[in-house]
Protein chains: 2
Amino acid sequence: MEFGDYIRRVRQMHQQQDRGYSLRQVAGRIRVEPSYLSKVERGLAAPPSRATILRLAAVLQTDADCLLAMADRVAEDLCAAIQARPQLMAKLIRAAKDQPEATVLGWIDSAS
Amino acid sequence: MEFGDYIRRVRQMHQQQDRGYSLRQVAGRIRVEPSYLSKVERGLAAPPSRATILRLAAVLQTDADCLLAMADRVAEDLCAAIQARPQLMAKLIRAAKDQPEATVLGWIDSAS
DNA sequence: TGTCATGTGTACTACACACTACACATTTCG
DNA sequence: CGAAATGTGTAGTGTGTAGTACACATGACA
């Protein structure tokens, strides 16, 4: 799914129950120009910066990590965690990549 | 440790046994201008792009993930793995962040 | 002693990123 | 009906990224 299509859909969902979700209003709340958000929604402009995507996720009440992923980005705290122990984390992620979700969830569960 | 300091040190290690590791020679092999590599080594220029760092890691026979981390970057395949399953991977990394190395290694071990 | 290689200084550049500014044509609704 | 709000088109902008180009001084070495 394209980033623009997705955020347009989510925004319009909200808009149906709350007229505070017009393109202009949302643009105002995430502090960008309406014309820019319009282009992003239609895929005529590349997805915004990480910071802007985070504001958008908050306003649209959607998962930030997913939204970042659609924009080919990764949250800053995840990058930091990898950079703090690069070899360990690289090994972990490469191992997790080929595991079914249940297995990975098992690991996480054993942590808490 | 600074990126520049580190690669200079590693390069000079090699240089002591192999005169094929002069700044100019290494620059040639990773396909950048010597003056640029010089600036990078002394911290007068920001670390190079991901692709250039990978070539450098290969030439210096040092761990690519570590070198990338020093440059505040993350390997592309790790980003891709996160983006493929953003919520799961985000949860995993945030869980692993606070675990001792042995625990994480245990998870990895249970995978193979 | 001359030439070759080494590291460095200065100046510059092409391109992409992440937007802004503003005018315009519709649509809504009090 | 008229005013306000809506989405969009065109043009332009400042900043950062990732380097290149080339001259220069120094040192090795044959």
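Heavy-atom basis, side chains included; hydrogens, waters and symmetry copies ignored. Every chain is numbered from 1, with letters handed out A, B, ... down the list of sequences.
Screening B:Gln87, B:Arg94, B:Gln83 against A:Asp65 for a side chain to side chain donor-acceptor pair (under 3.5 Å) leaves a single residue, B:Arg94. In summary, of the residues considered (B:Val32, B:Leu37, B:Val40), a side chain to side chain contact (heavy atoms under 4.5 Å, CB included) with B:Thr52 occurs for B:Val32 alone.
Between A:Tyr36 and A:Pro48, the closest heavy-atom pair is OH-CA, 3.5 Å. Contact record, B:Arg50 with B:Val74: NH1-O, 2.6 Å, taken as the closest heavy-atom pair. Minimum interatomic distance between A:Gly20 and A:Gln25 (heavy atoms only, all atoms of both residues): O-CB, 3.3 Å. Across B:Met1 and B:Arg9, no two heavy atoms sit closer than the pair CE-NH1, 4.1 Å.
Spacing between atom CG of A:Asp72 and atom P of C:dA16 amounts to 17 Å, rounded to whole angstrom units. With rounding to whole Å, A:Leu56 atom CG is found 15 Å from C:dC19 atom C1'. Between A:Phe3 atom CZ and C:dA18 atom C1' there is a gap of 13 Å when expressed in whole angstrom units. Protein atom CG of A:Leu23 is 15 Å distant from nucleotide atom C1' of C:dT26, rounded to whole Å. When rounded to the nearest whole Å, the span between CZ of A:Arg55 and P of C:dA18 equals 12 Å. Counting to the nearest Å, the P atom of C:dT28 and the CD atom of A:Gln16 are 14 Å from each other. If you take CG of A:Leu54 and P of C:dA18, they are 13 Å apart, rounded to a whole angstrom.
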Go through A:Lys39 and A:Arg42 one step at a time and tell me if the side-chain contact (heavy atoms from CB on, under 4.5 Å) criterion holds.
CA-CA 5 Å; A:Lys39 278 188 292 187; A:Arg42 287 170 299 138; 3.8 Å; yes

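OP1 or OP2 of C:dT6 has at least one side-chain nitrogen or oxygen of B:Ser22 nearer than 4.0 Å. Applying the 4.0 Å criterion to OP1 and OP2 of C:dG7, one finds that B:Arg8 has every side-chain N and O outside that range. B:Arg19 has no side-chain polar atom (N or O) that falls below the 4.0 Å cut-off from OP1 or OP2 of D:dC29.
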Pairs: protein N or O with nucleotides 22-25 of chain C N or O, under 3.5 Å:
unit_1, atom_1, unit_2, atom_2, d
C:dC22, N4, A:Ser35, OG, 3.4

Reading nucleotides 12-18 of chain D from 5' to 3' and marking B where a protein heavy atom lies under 4.0 Å of the base, S where only the sugar-phosphate is that close, and - otherwise, the string is ------S

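Residues B:Arg31 and A:Gln15 both approach DNA chain D. Their nearest nucleotides, taken by heavy-atom distance, put A:Gln15 toward the 5′ side. Annotation: of the two residues near DNA chain C, B:Gln25 and B:Leu44, the 5′-most nearest-nucleotide partner is B:Gln25.
Counting non-hydrogen atoms of neighbouring residues, nucleotides and ligands closer than 6.0 angstrom, the CD atom of B:Glu2 reaches no more than 12 such neighbours.
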